Amino acid sequence: MANSAVQAKHRQRLTKDDVVFNTFNYILIFLFVAVTLYPLVYVVSASISEPTKVNSGQMWLWPVGFTTIGYEKVFKDPDIWRGYANTIYYTVFGTIINLAFTLPCAYALTKRTLPFKTLINFLILFTMFFSGGLIPLYMLVNNLKLLDTVWAVVLPTAVSAYNVIITRTFMETSIPGGLEEAAEIDGCSPFGVFFRIVLPLSSPIIAVMALFYGVGHWNSYFNEMIFLSDHAKYPLQVILRELIIITQISGGDGATISNTEAKTAAEMQQLAGVIKYSVMIVSTLPIIVVYPFLQRFFVKGVMIGSIKG
Amino acid sequence: MIKSNETAPKRPLSQRFIRSLKKHWQYYILLLPALAYFLVFCYGPMYGAQIAFRNFNARGGITGSPWVGLAHFTRFFNSPYFLKLIRNTLTISLYSLVAGFPFPIILALSLNELKNQKFKKFAQTVTYAPYFISVVVMCGMLISFMSPSTGIINKAVTSLGFEPISFLTREEMFPSIYVWSGIWQGTGWGSVIYFAALSSVDPQLIEAATLDGATRWQKIWYINLPTLMPTIVIMLIMNCGNLLSVGYEKTYLLQNSLNLETSEVISTYVYKVGLVSAQYSYSTAIGLFNSVVNMLMLILVNTFSRRVSETSLW
């Protein structure tokens with residue numbers, strides 16, 4: 001008791017070196033946090049501020065002149081709603097496919113005795129470092145008659161070699177081998193072992209994988225842009241690209257808003273800015289909402305991945 | 001055939017093979033979907049990439065189109081775009097590597113020294129967050145912030161008494177915009193892997209150093225940083241394998257006709273030549289050249305690293 005108290009006291013005593021170091025370290029971390037946070041706070045504030053105040057630079061951190069007009073416009077846009085529905089569909093369906101392909105494969109690869117295991121491993125790893133390229137992939141999707149279907153969105157990214165390795169590593173290290181053996185001795189088939197023992201014990205890695213894949217689907221735009229041509233099938237990110245990138249680059253800031261409402265061109269332009277900020281928030285909202293709760297899962301995924309380097 | 005003169009005589013290889021398959025067939029069923037995926041969607045395009053050596057036409061298809069050898073490659077090497085694309089791609093990726101590589105390491109080392117757990121958690125949550133923002137939103141933010149008329153950055157510039165700068169239409173600024181926004185987005189997430197590696201620092205070593213009177217700086221420099229070395233080397237190797245691949249996602253969104261001189265990279269050019277102007281064979285050749293160079297670079301750096309530091313990917 002007395003000994004540990006002495007130790008604790010010893011530990012708490014900060015040397016001058018510690019004080020200088022801690023001060024410097026806190027300043028450094030504070031800078032990292034501030035630089036990261038500022039653009040995010042700015043977007044949130046801009047989305048609920050008076051358009052004129054945002055565009056004139058009066059609003060630079062906290063909201064000035066509260067208004068929800070940007071959000072009202074966004075929610076009136078049928079394209080956004082449809083894009084949202086499409087994105088949810090692609091994300092849910094795509095993630096289910098991802099998991100259904102990745103988990104069994106990872107489990108089978110944990111079997112040391114599996115014939116051709118080295119070859120299969122190599123085949124999978126090789127895809128991380130070499131690819132046939134964009135055009136041959138496009139031609140393949142075209143030849144398989146998948147263009148403009150949901151399959152063109154979910155199949156070309158159905159499995160990531162990196163995720164297979166992470167999952168395999170998890171299953172190798174976290175599921176006691178004795179448990180599987182015992183089940184096998186009791187007459188359980190490999191299917192039985194996989195579904196009844198391995199899957200229930202893999203819930204942490206399933207969560208990680210669902211999140212990695214899910215966020216990937218949610219945020220992806222390029223494949224959708226080239227594989228889908230029917231506007232009604234566009235996911236949110238492709239709609240967003242039209243809304244916040246193309247209009248701005250072409251210089252026609254107010255292009256997306258119809259001129260039927262009796263407003264001056266200047267007002268339109270003002271409004272367009274706020275709509276853009278609102279749309280950024282709306283599209284990122286699901287991730288913002290779940291992110292703080294699920295962050296540890298994401299981090300866990302990277303950590304498992306780093307075991308194997 | 002393998003000769004074995006110990007133990008009982010073995011059955012012929014073919015029979016053993018069939019028995020082994022019988023024993024393992026369920027595992028192959030589990031492998032099947034993923035394996036089929038890799039064969040069709042990863043090796044399929046690799047097979048299709050042979051059109052880089054042919055003049056692809058729809059009637060002949062992949063194998064029936066006339067063989068032209070390296071014609072598309074020589075055309076690319078001789079085109080005025082060749083040097084420009086290589087220059088732009090290398091500029092952006094080297095700039096990213098040199099400017100961006102230290103930040104995640106510094107952040108991880110710094111977070112690791114924080115004693116206040118709550119603040120540490122908060123700092124991690126905040127710094128990891130930008131990674132989850134989509135490219136489209138990220139580029140939308142950049143474009144909005146840098147707008148000459150309404151962007152907040154130009155408000156700051158003009159309030160300091162300067163003329164507003166049209167950042168995105170000035171070609172000399174493109175690499176910096178691309179790289180620094182990438183650093184903003186990737187530093188926190190990049191630090192996770194180093195942060196994880198720091199948990200393997202031996203606490204006894206730290207304690208011994210403390211007893212010997214080592215300062216915090218010295219402990220970081222002589223204990224924590226060397227612990228990170230293998231991870232740093234691995235990350236460097238991976239980065240070198242990607243030196244000639246600047247992704248099209250972000251580049252394409254930030255491109256405009258005025259910054260094209262520095263913003264056109266190999267991947268965006270492949271996309272435009274291939275899918276926009278439908279020169280399948282030519283753009284496949286460019287893409288293939290790119291993949292092969294990346295692959296060679298990775299092998300080269302990996303071999304070098306294995307010789308020098310005994311750390312390598314394989």
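In this text, all values refer to a predicted model and were calculated from it rather than measured experimentally. So that the names make sense, note that chain A is the first sequence line, chain B the second, and so on, each numbered from 1.
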How long is the gap from [atom1] on [X] to [atom2] on [Y], to the nearest 0.5 Å?
X	Y	atom1	atom2	result
A:Ile135	B:Phe56	CD1	CZ	11.0 Å
B:Phe38	A:Leu123	CZ	CG	9.5 Å
B:Cys139	A:Met280	SG	CE	10.0 Å

With no hydrogens and no angle check, is any side-chain donor or acceptor of [X] less than 3.5 Å from a backbone partner on [Y]?
X	Y	result
B:Lys115	A:Asn22	no
B:Asn294	A:Phe129	no
A:Tyr291	B:Thr125	yes
B:Trp217	A:Asp17	no
B:Ser291	A:Ser131	yes

Legend entry - Between B:Ser267, B:Ala156, B:Gly151, B:Ser110, the one whose heavy-atom pairs under 4.5 Å with chain A are most numerous: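 Top option by heavy-atom pairs under 4.5 Å: B:Ser110.
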Legend entry - Interface residue of largest heavy-atom contact number with chain A, from B:Thr215, B:Thr231, B:Leu111, under 4.5 Å: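 When all of B:Thr215, B:Thr231, B:Leu111 are compared, B:Thr215 has the most.
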Using non-hydrogen atoms and a 4.5 Å limit, figure out which bit of [X] sits close to chain A: side chain, backbone, both or neither.
X	value
B:Gln124	both
B:Asn290	neither
B:Tyr47	neither
B:Ile153	neither
B:Leu32	neither
B:Leu35	side chain
B:Val40	both
B:Tyr248	both
B:Leu275	both

Can you say whether [X] sits under 4.5 Å from chain B via the side chain, the backbone, both, or neither, judging by heavy atoms?
X	answer
A:Thr113	both
A:Val54	backbone
A:Leu28	side chain
A:Phe130	both
A:Met225	side chain

Do you know the tightest heavy-atom contact between [X] and [Y]?
X	Y	answer
B:Ser144	A:Tyr277	CB-OH, 3.3 Å
A:Gly132	B:Ala49	O-CB, 3.9 Å
A:Leu114	B:Tyr27	CD1-CB, 3.6 Å

Inset, instruction - Determine which pairs satisfy salt bridge (Lys or Arg N to Asp or Glu O under 4.0 Å) with at least one residue from residues 97-114 of chain A, sequence neighbours left out, and list them in order. - result: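 Only A:Lys111-A:Glu180 qualify under salt bridge (Lys or Arg N to Asp or Glu O under 4.0 Å).
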Legend entry - Check: B:Phe145 ring centre within less than 6.0 Å of A:Tyr42 ring centre: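 Yes, close enough.
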